[in-house]
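Lettering follows sequence order; numbering is per chain, from 1.
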There are 2 protein chains.
Amino acid sequence: MEESKGMFEPINRRTLHWEIVRQFQEKIISRQFNVGDKLPTERDIAAELNVNRATVREALKKMEVLGLIEIRHGNGIYVKDYLESGNLELFKEIIYMKDVVQIDVLRNILDIRKIIVPVMAGLAAENRTGEELAELQHIIEDEQMPMLEKDLNVHHLIARASRNLFYLFILNFFNQVFRDYGYLYFEVPENRERSKQFHNDILDAITRKDKSLAGKITADVLQYTEDAIYSYYRAVYGNEGGYS
Amino acid sequence: MEESKGMFEPINRRTLHWEIVRQFQEKIISRQFNVGDKLPTERDIAAELNVNRATVREALKKMEVLGLIEIRHGNGIYVKDYLESGNLELFKEIIYMKDVVQIDVLRNILDIRKIIVPVMAGLAAENRTGEELAELQHIIEDEQMPMLEKDLNVHHLIARASRNLFYLFILNFFNQVFRDYGYLYFEVPENRERSKQFHNDILDAITRKDKSLAGKITADVLQYTEDAIYSYYRAVYGNEGGYS
DNA sequence: TAAGACATATTGGTCGAACCAATAAGTCTG
DNA sequence: CAGACTTATTGGTTCGACCAATATGTCTTA
């Protein structure tokens with residue numbers, strides 16, 4: 001009731017270990033802790049944060065998986081170079097550290113996406129089974145499903161049909177980000193319409209097993225969404241977050 | 001002293017929570033647990049495995065980060081669809097579940113790699129600073145550094161110079177895998193020589209800021225390594241692990 | 001004196017039991 | 001029968017203790 005931002009307080013009721021991770025993450029990424037630094041012992045951290053050691057350990061476990069630290073039994077806890085050992089989960093954390101996705105990081109993601117996805121769509125057209133085709137059709141024809149959900153599912157099915165497990169896991173990254181921010185895109189009727197067209201076109205290409213067509217169609221829609229996103233950014237934030 | 005494999009026992013002395021993660025991971029990935037299944041309570045798991053609850057919790061924390069499960073306070077623990085929520089860390093775990101990297105999964109990785117890396121090398125040539133160029137030169141001229149290490153560093157620097165943070169984190173995945181298996185490749189003198197050539201060529205291209213040349217050089221060496229790896233697999237395992 | 005064996009301290013790993021907090025389910029009330 | 005209340009279930013946290021790997025200093029011995 002003391003908040004001024006809005007009616008409800010943005011839920012800070014996170015778990016304790018979550019909060020601990022956030023603090024260390026912040027300090028490590030901002031280089032307040034340097035690579036190779038030895039962190040205080042679990043006992044000292046617990047004492048300083050005024051929490052229990054078990055809670056600290058849970059936080060440390062998570063940070064270890066993220067590639068932020070290395071835990072050595074009987075020795076200590078050391079800060080790793082997250083630019084060398086960090087993984088996509090950490091990258092996601094970095095993205096979400098700010099309230100808004102920074103335009104330059106978003107650009108990074110879209111650049112990679114534009115390179116991979118069309119090729120994978122081509123492979124999907126080539127390798128898809130009849131079952132997968134039916135499934136794709138089923139998704140696309142579902143009138144109930146929100147367009148965002150539908151689009152995520154289409155891409156997921158393409159990933160599966162591409163037979164490239166590695167791509168599937170990379171796509172999960174894309175989808176997790178887009179699931180959080182995609183509503184902004186799909187709020188615009190024109191964009192929804194464009195995606196609907198894409199779904200129909202890609203269904204056609206995949207039905208006919210037309211590899212290059214699938215690739216082209218996908219490249220086109222990605223270019224469209226990219227342009228839409230950038231123009232959205234320009235409209236909302238101006239050019240400040242612009243090209244680095 | 002009871003082992004027969006070699007003089008030293010391959011360190012099974014893993015931590016308990018590590019072992020717990022392995023067991024659940026195995027069961028979830030092999031679909032012994034189905035998506036949406038509610039796992040036993042922490043207390044029950046601890047009782048059944050005959051370990052402490054705190055240990056179980058540490059394992060669960062890790063599985064949560066991997067995208068295998070969802071933990072709901074006051075409710076329970078649920079199995080997620082790892083094909084939808086799993087991340088690259090989980091993918092790595094999957095790779096390492098078998099003793100040898102399966103040829104089809106390796107092929108997946110190499111396919112994606114072949115798509116991305118040349119483009120990023122081109123960007124690196126375009127965007128590199130004088131400082132990064134000097135650093136690259138320094139790495140390449142270091143006669144002491146083992147070729148594997150050198151190669152990883154070269155790629156890492158290319159990633160940084162590409163200015164694409166997302167690529168940098170994807171590269172970390174590649175490098176972590178190659179750090180474990182790359183020695184097989186670099187054992188062969190011819191391959192070492194090929195990499196040396198690549199390093200010199202890419203240094204030249206990046207020095208001259210020649211984008212397309214950097215891309216071409218990189219594409220070439222990736223093709224070479226790919227061929228080498230496949231022929232190695234054929235030689236060692238025959239064609240069994242072949243095309244799916 | 002220097003190398004190796006040994007005791008000791010430090011630090012992460014595990015344990016057990018208890019209580020807090022969010023959720024779900026059952027029960028009572030109007 | 002809807003809604004408030006109570007209770008049980010289950011994850012989150014705490015405390016205090018002990019185990020196990022590692023590092024360090026010390027002592028013995030060649």
Side-chain angles (χ1 to χ4, degrees), chain A residues 1 8-25 27-28 33 35-80 85, chain B residues 1-3 8-25 27-28 33 35-80 85:
Chain A
M1 293 300 179
F8 300 101
E9 182 181 355
I11 299 177
N12 276 340
R13 205 66 205 83
R14 290 141 175 161
T15 59
L16 254 179
H17 53 260
W18 192 96
E19 182 63 21
I20 297 172
V21 169
R22 203 194 55 72
Q23 280 198 34
F24 274 89
Q25 194 170 265
K27 283 189 168 53
I28 293 176
F33 291 139
V35 176
D37 275 3
K38 185 172 185 173
L39 292 182
T41 67
E42 297 180 345
R43 291 169 177 81
D44 289 345
I45 295 174
E48 179 155 354
L49 294 181
N50 206 20
V51 298
N52 190 267
R53 197 180 144 211
T55 307
V56 171
R57 281 180 59 79
E58 291 185 10
L60 292 175
K61 275 310 167 233
K62 178 166 179 182
M63 297 199 297
E64 191 182 28
V65 181
L66 290 177
L68 285 170
I69 59 171
E70 182 181 349
I71 304 174
R72 301 185 203 155
H73 189 179
N75 186 332
I77 306 162
Y78 295 86
V79 176
K80 297 179 76 171
S85 56
Chain B
M1 296 300 178
E2 301 168 315
E3 289 295 319
F8 301 101
E9 180 181 356
I11 299 179
N12 277 339
R13 205 65 205 83
R14 290 141 177 162
T15 60
L16 253 180
H17 52 260
W18 193 96
E19 181 64 24
I20 296 172
V21 169
R22 204 195 53 73
Q23 279 197 35
F24 275 88
Q25 193 170 269
K27 283 188 169 53
I28 292 176
F33 291 139
V35 177
D37 276 4
K38 186 172 183 171
L39 292 181
T41 68
E42 297 180 345
R43 291 168 176 82
D44 289 346
I45 294 174
E48 179 155 354
L49 294 180
N50 207 19
V51 298
N52 189 268
R53 196 178 145 213
T55 308
V56 171
R57 282 181 57 81
E58 291 184 10
L60 292 175
K61 277 306 165 238
K62 177 165 180 183
M63 295 198 286
E64 191 182 27
V65 181
L66 291 177
L68 286 170
I69 59 173
E70 181 181 348
I71 304 175
R72 301 185 203 154
H73 189 180
N75 186 332
I77 306 161
Y78 295 85
V79 176
K80 296 179 78 172
S85 55

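- Atom CG of A:L60 and atom P of C:dT11 are 14 Å apart (whole Å).
- In this structure, B:N50 places its CG atom 8 Å from P of C:dC15, rounding to the nearest Å.
- A search for side chain to side chain contact (heavy atoms under 4.5 Å, CB included) contacts involving B:S85 returns B:K80, not counting sequence neighbours.
- Atom CG of B:D44 is separated from atom CG of B:L39 by 11.0 Å, given to the nearest 0.5 angstrom.
- One interatomic measurement links the two molecules: CD1 of B:I45 to P of D:dG12, which rounds to 12 Å at whole-angstrom precision.
- Considering only side-chain N and O atoms, B:T41 lies nowhere under 4.0 angstrom from the phosphate OP1 or OP2 of D:dT9.
- Sorted by residue number, the members of residues 64-77 of chain B with any non-hydrogen atom under 4.0 Å from DNA chain D read B:I71, B:R72, B:H73, B:G74, B:N75, B:G76, B:I77.
- Distance B:L49 CG to C:dC15 P: 10 Å, rounded to the nearest Å.
- The structure places CG of A:L16 at 10.0 Å from CG of A:N52, a figure rounded to the nearest 0.5 Å.
- Look at CZ on B:R53: it is 12 Å from C1' on D:dT9, rounded to the nearest Å.
- In this structure, the side chain of B:K38 engages the main chain of B:N75 through a donor-acceptor pair within 3.5 Å.
- The CZ atom of A:R43 sits 13 Å away from the P atom of D:dG16 (whole-angstrom rounding).
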inquiry  = Assess the residue pair A:K62 and A:V65 against the criterion (side-chain contact (heavy atoms from CB on, under 4.5 Å)); give the C-alpha distance rounded to whole Å, side-chain angles, the decisive distance to 0.1 Å, and a yes or no.
reply    = CA-CA 5 Å; A:K62 178 166 179 182; A:V65 181; 5.7 Å; no
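- Per the geometry, CH2 belonging to A:W18 stands 13 Å off P belonging to D:dT13, to the nearest Å.
- Residue A:K61 contributes atom NZ, which lies 18 Å from atom C1' of D:dG12 at whole-angstrom precision.
- The phosphate of D:dG12 (OP1 or OP2) has no side-chain N or O of A:H17 nearer than 4.0 angstrom.
- We find that B:E58 and B:K61 are not joined by a salt bridge, their nearest charged nitrogen and carboxylate oxygen being 4.0 Å or further apart.
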